[in-house]
Asker: 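Next up is a structure, given as structure tokens.
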Amino acid sequence: MKLTLFKNTVLFFLFLGFSCGSESTASTTTKNKPITNTKPTPPTHKPPQLSVGANQTESYLPLLNGKRVAIVANQTSVIFKNKTQTAYTHIVDSLLQRHVDVKKVFAPEHGFRGTADAGELVKDGIDTKTGLPIVSLYGKNKKPSAEQLEGIDMVIFDIQDVGARFYTYISSLHYVMEACAEHNIPVLILDRPNPNGHYIDGPILEPQHQSFVGMHPIPVVHGLTIGEYAKMINGEQWLNNNLQCELTVIPVKHYKRDMTYSLPIKPSPNLPNDSSINLYPSLCFFEGTNVSAGRGTDLQFQIYGSPYLSNTNFEFTPKPNEGAKYPKYKNQLCYGFNLSSEKPLEELNLSYLINAYNNTKDKSAFFISNGFFTKLAGTKKLQEQIESGLTEAQIKATWKSGLEAFEKLRQQYFIYN
């Protein structure tokens with residue numbers, strides 16, 4: 001009996017041991033699983049705050065010591081006071097407060113305060129706030145003269161661009177660099193992001209169609225900042241007589257070209273918001289046609305139409321407003337399309353242009369006879385392709401080799417990833 005009791009006792013403890021072992025294994029598994037699944041997520045760090053070149057005062061103020069300075073500027077030439085870029089001081093005012101010897105301001109298209117119409121004569125004058133002389137770089141005087149640069153030791157260029165070949169601030173940049181190169185005056189560029197810097201597209205400008213709305217053999221959308229573009233002008237020796245300008249670029253901190261960047265200040269009167277800036281490279285072609293791109297409305301470069309279009313779903317009547325004193329089809333009812341709620345573009349959209357041409361009543365009057373469409377396109381081929389009925393895909397296929405070559409070229413001048 002004792003033997004039996006002993007055996008049962010042994011068996012009991014063996015069983016208990018196995019049971020405890022099994023429970024221990026199960027318990028370990030159960031405890032490990034939640035630890036794996038509830039592992040704390042590393043805290044997400046916000047990317048460093050973007051800071052434009054003008055805000056990098058520690059980088060460029062030492063370069064201005066003892067220098068007599070001229071500034072190429074407009075309403076976008078500001079130093080931001082907060083991270084949201086809602087408070088700012090104009091760079092001219094800021095430099096004067098810091099006792100920089102600013103002698104004059106050069107004003108591009110739309111003027112120093114950015115209120116003039118596209119193509120409107122910008123007159124020389126005096127800035128009422130600072131008393132500085134304002135010299136226009138638009139109209140007949142696109143390039144600073146020797147007299148205008150006399151007594152200047154350095155020229156600062158600080159203007160917000162939108163990345164389209166026919167947006168004339170890069171043409172002003174060319175002439176400023178050229179004039180400074182001719183007179184051995186260094187140029188300091190305070191860089192800013194390109195809101196259309198995430199793609200390149202369009203036909204390459206042909207030399208015979210060079211104009212103020214297209215100076216160089218680049219596509220319509222070039223994907224470079226002002227600073228990168230200046231480096232390209234220098235590197236490709238596009239200045240007169242292959243001159244090169246002494247150039248310093250103050251880069252934007254923490255910027256990448258594929259970043260979404262909402263402009264805190266409208267770059268010109270008819271680009272009032274992100275939608276207009278995104279659509280501008282595609283809709284500006286209408287400036288060379290009998291179709292309105294919305295000047296004289298509150299939806300500039302977000303709509304298009306004319307009195308002569310059919311099969312439309314939107315109507316508007318252009319009236320004089322800021323930046324459009326004499327809009328196309330002033331006080332006339334236009335039939336067209338509203339694109340203001342469309343998904344942002346990542347390429348040029350030719351469907352608007354092709355659709356308008358196909359639905360206009362008199363196709364012979366669609367392209368304005370003064371040849372401005374060809375200047376905007378940089379080639380006669382685009383008009384010919386539309387008139388011959390090519391599709392958007394067929395037209396874009398003819399741009400491929402030019403865009404591939406330009407992509408290789410522009411990478412040599414990248415400042416940003």
Side-chain angles (χ1 to χ4, degrees), residues 162-167 170 194 196-211 213-224 275-294 301-306 308-312 336-339 342-410:
V162 300
R165 186 181 66 213
F166 32 59
Y167 203 58
I170 59 172
N194 177 355
N196 287 312
H198 54 293
Y199 73 100
I200 63 171
D201 207 1
I204 304 295
L205 179 134
E206 298 166 351
Q208 63 268 36
H209 301 300
Q210 185 185 56
S211 71
V213 292
M215 297 283 294
H216 305 127
I218 63 170
V220 170
V221 183
H222 53 72
L224 299 168
S275 178
S276 63
I277 290 165
N278 177 258
L279 286 162
Y280 172 75
S282 296
L283 295 189
C284 191
F285 288 117
F286 284 125
E287 302 283 86
T289 73
N290 69 353
V291 175
S292 165
F301 290 101
Q302 298 156 83
I303 58 177
Y304 69 92
S306 83
Y308 314 114
L309 290 183
S310 57
N311 302 317
T312 69
F337 297 88
N338 185 345
L339 309 174
E342 294 290 310
K343 181 181 176 182
L345 298 176
E346 296 185 357
E347 61 180 335
L348 281 180
N349 189 320
L350 292 180
S351 69
Y352 314 138
L353 192 59
I354 293 170
N355 175 62
Y357 176 78
N358 290 338
N359 287 285
T360 197
K361 294 175 182 177
D362 182 5
K363 291 180 175 52
S364 66
F366 183 80
F367 294 102
I368 296 174
S369 59
N370 64 6
F372 190 54
F373 182 86
T374 294
K375 288 183 179 179
L376 291 170
T379 175
K380 283 186 177 180
K381 294 185 182 73
L382 183 55
Q383 177 176 339
E384 294 167 353
Q385 290 167 330
I386 292 170
E387 289 174 333
S388 64
L390 267 62
T391 66
E392 181 176 28
Q394 289 171 326
I395 293 172
K396 287 198 167 191
T398 66
W399 301 345
K400 185 178 178 182
S401 61
L403 288 172
E404 288 175 347
F406 179 74
E407 176 60 29
K408 292 179 181 177
L409 174 68
R410 76 177 187 135

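No hydrogens, no waters, no symmetry mates; every other heavy atom, side chains included, goes into these values.
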Asker: Does K380 use its side chain to pair, donor to acceptor, with the backbone of H209 at less than 3.5 Å?
Answerer: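 No, K380 side chain to H209 backbone: no donor-acceptor pair under 3.5 Å.
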Asker: For F286, which residues count as a ring-ring contact (aromatic ring centres under 6.0 Å, His included) partner, sequence neighbours excluded?
Answerer: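 Residues passing ring-ring contact (aromatic ring centres under 6.0 Å, His included) with F286: Y304.
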Asker: Using a 3.5 Å distance criterion without hydrogens, assess whether the side chain of N196 forms a donor-acceptor pair with backbone atoms of G163.
Answerer: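 No.
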Asker: Could you tell me whether the side chain of I354 reaches within less than 4.5 Å of the side chain of E392, counting heavy atoms only?
Answerer: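 When only atoms from C-beta onward are counted, I354 and E392 do touch, with a gap below 4.5 Å.
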Asker: Using the side chain to side chain contact (heavy atoms under 4.5 Å, CB included) rule, take E404 and K400 through it: C-alpha gap first, then chi angles, then the decisive distance, then the call.
Answerer: CA-CA 6 Å; E404 288 175 347; K400 185 178 178 182; 3.0 Å; yes
Asker: Among all residues two or more places apart in sequence or in another chain, which pass the salt bridge (Lys or Arg N to Asp or Glu O under 4.0 Å) test with E206?
Answerer: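 Salt bridge (Lys or Arg N to Asp or Glu O under 4.0 Å) check on E206 returns K381.
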Asker: In chain order, what residues pass the ring-ring contact (aromatic ring centres under 6.0 Å, His included) check against F367, with sequence neighbours excluded?
Answerer: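 F367 satisfies ring-ring contact (aromatic ring centres under 6.0 Å, His included) with Y357, F373 once adjacent residues are dropped.
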Asker: Might you point out which heavy atoms bring L390 and I395 nearest each other, and give the distance in Å?
Answerer: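 Taking every non-hydrogen atom into account, CB-CG1, 3.8 Å.
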Asker: Rounded to the nearest 0.5 Å, what's the gap from CD on E346 to CG on N278? Could you check?
Answerer: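 Reported to 0.5 Å precision, the distance equals 9.0 Å.
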Asker: To the nearest 0.5 angstrom, please state how far the CD atom of E347 sits from the NE2 atom of H198.
Answerer: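 Interatomic distance, E347 CD to H198 NE2, rounded to 0.5 Å: 10.0 Å.
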Asker: Looking at N194 and L224, would you say the former's side chain and the latter's main chain have a donor-acceptor pair under 3.5 Å?
Answerer: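 Yes.
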Asker: Rounded to the nearest 0.5 Å, how far apart are CD of Q210 and NZ of K375?
Answerer: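 One finds 11.0 Å between CD of Q210 and NZ of K375.
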Asker: Looking only at heavy atoms, what is the nearest atom pair of L345 and Y199, with distance?
Answerer: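 Closest pair (atom of L345, atom of Y199, distance): O-CE2, 4.4 Å.
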Asker: Under the rule for side chain to side chain donor-acceptor pair (under 3.5 Å), what residues qualify as partners of K361, not counting sequence neighbours?
Answerer: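 Side chain to side chain donor-acceptor pair (under 3.5 Å) check on K361 returns nothing, list empty.
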Asker: Could you please spell out the steps behind the side chain to side chain contact (heavy atoms under 4.5 Å, CB included) verdict for D201 and K396?
Answerer: CA-CA 9 Å; D201 207 1; K396 287 198 167 191; 3.1 Å; yes
Asker: Counting distance only, does the side-chain N/O of Q302 pair as donor-acceptor with the main-chain N or O of L339 below 3.5 Å?
Answerer: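 No; judged by distance alone, with no hydrogens or angles, the pair does not exist.
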Asker: For the atom pair CD1 (I204) and CD1 (I218), what is the distance rounded to the nearest 0.5 Å?
Answerer: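 The CD1 atom of I218 is 8.0 Å from CD1 of I204, to the nearest 0.5 Å.
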Asker: Identify the two heavy atoms, one from C284 and one from F166, that lie closest to each other, and give their separation to 0.1 Å.
Answerer: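 Shortest heavy-atom separation between C284 and F166 comes out as CB-CE1, 3.5 Å.
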Asker: Checking the side chain of S292 only, and the main-chain atoms of S306 only, is there a donor and an acceptor separated by less than 3.5 Å?
Answerer: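 Side chain of S292 to backbone of S306, a donor-acceptor pair under 3.5 Å: no, none is there.
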Asker: Taking R165 for the side chain and P281 for the main chain, is one N or O donor matched with an acceptor at less than 3.5 Å?
Answerer: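 Side chain of R165 to backbone of P281, a donor-acceptor pair under 3.5 Å: no, none is there.
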Asker: Which pair of non-hydrogen atoms, one from F301 and one from L279, has the smallest distance, and what is that distance?
Answerer: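 Distance-wise, the nearest heavy atoms are O-CB, 3.4 Å.
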Asker: Can you establish whether the number of heavy atoms outside Q394 located under 6.0 Å from its atom CD is more than 12?
Answerer: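 Yes, enclosed.
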Asker: Let me know which of N358, I386, T289 forms a side chain to side chain contact (heavy atoms under 4.5 Å, CB included) with F366.
Answerer: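 With F366 as partner, N358, I386, T289 yield a single side chain to side chain contact (heavy atoms under 4.5 Å, CB included), made by T289.
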Asker: Measure across G202 and L348 and return the closest heavy-atom pair with its distance rounded to 0.1 Å.
Answerer: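 So the two residues come closest at CA-CD1, 3.6 Å.
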Asker: For residues Y352 and S282, determine if any side-chain heavy atom of one lies less than 4.5 Å from a side-chain heavy atom of the other.
Answerer: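 The answer is yes; the side chains approach within 4.5 Å.
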Asker: Go through it in stages, so that I can follow the logic: the residues are Q383 and T374, the test is side chain to side chain contact (heavy atoms under 4.5 Å, CB included), and I'd like the CA-CA distance, side-chain angles, deciding distance and then a yes or no.
Answerer: CA-CA 7 Å; Q383 177 176 339; T374 294; 4.2 Å; yes
Asker: Does S351 have any side chain to side chain donor-acceptor pair (under 3.5 Å) partners at least two apart in sequence or in another chain, and if so, which?
Answerer: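 Scan of S351 (side chain to side chain donor-acceptor pair (under 3.5 Å), adjacent residues dropped) gives N349.
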Asker: Which heavy atom of N355 sits nearest a heavy atom of F337, and at what distance?
Answerer: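 Taking every non-hydrogen atom into account, ND2-CE1, 3.3 Å.
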Asker: Please determine whether side chain to side chain contact (heavy atoms under 4.5 Å, CB included) holds for the pair F285 and L382, giving the CA-CA distance in whole Å, both sets of side-chain angles, and the decisive distance to 0.1 Å.
Answerer: CA-CA 10 Å; F285 288 117; L382 183 55; 4.0 Å; yes
Asker: Tell me, please, which residues at least two apart from Q385 pass side chain to side chain donor-acceptor pair (under 3.5 Å).
Answerer: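 Q385: side chain to side chain donor-acceptor pair (under 3.5 Å) contacts with T398.
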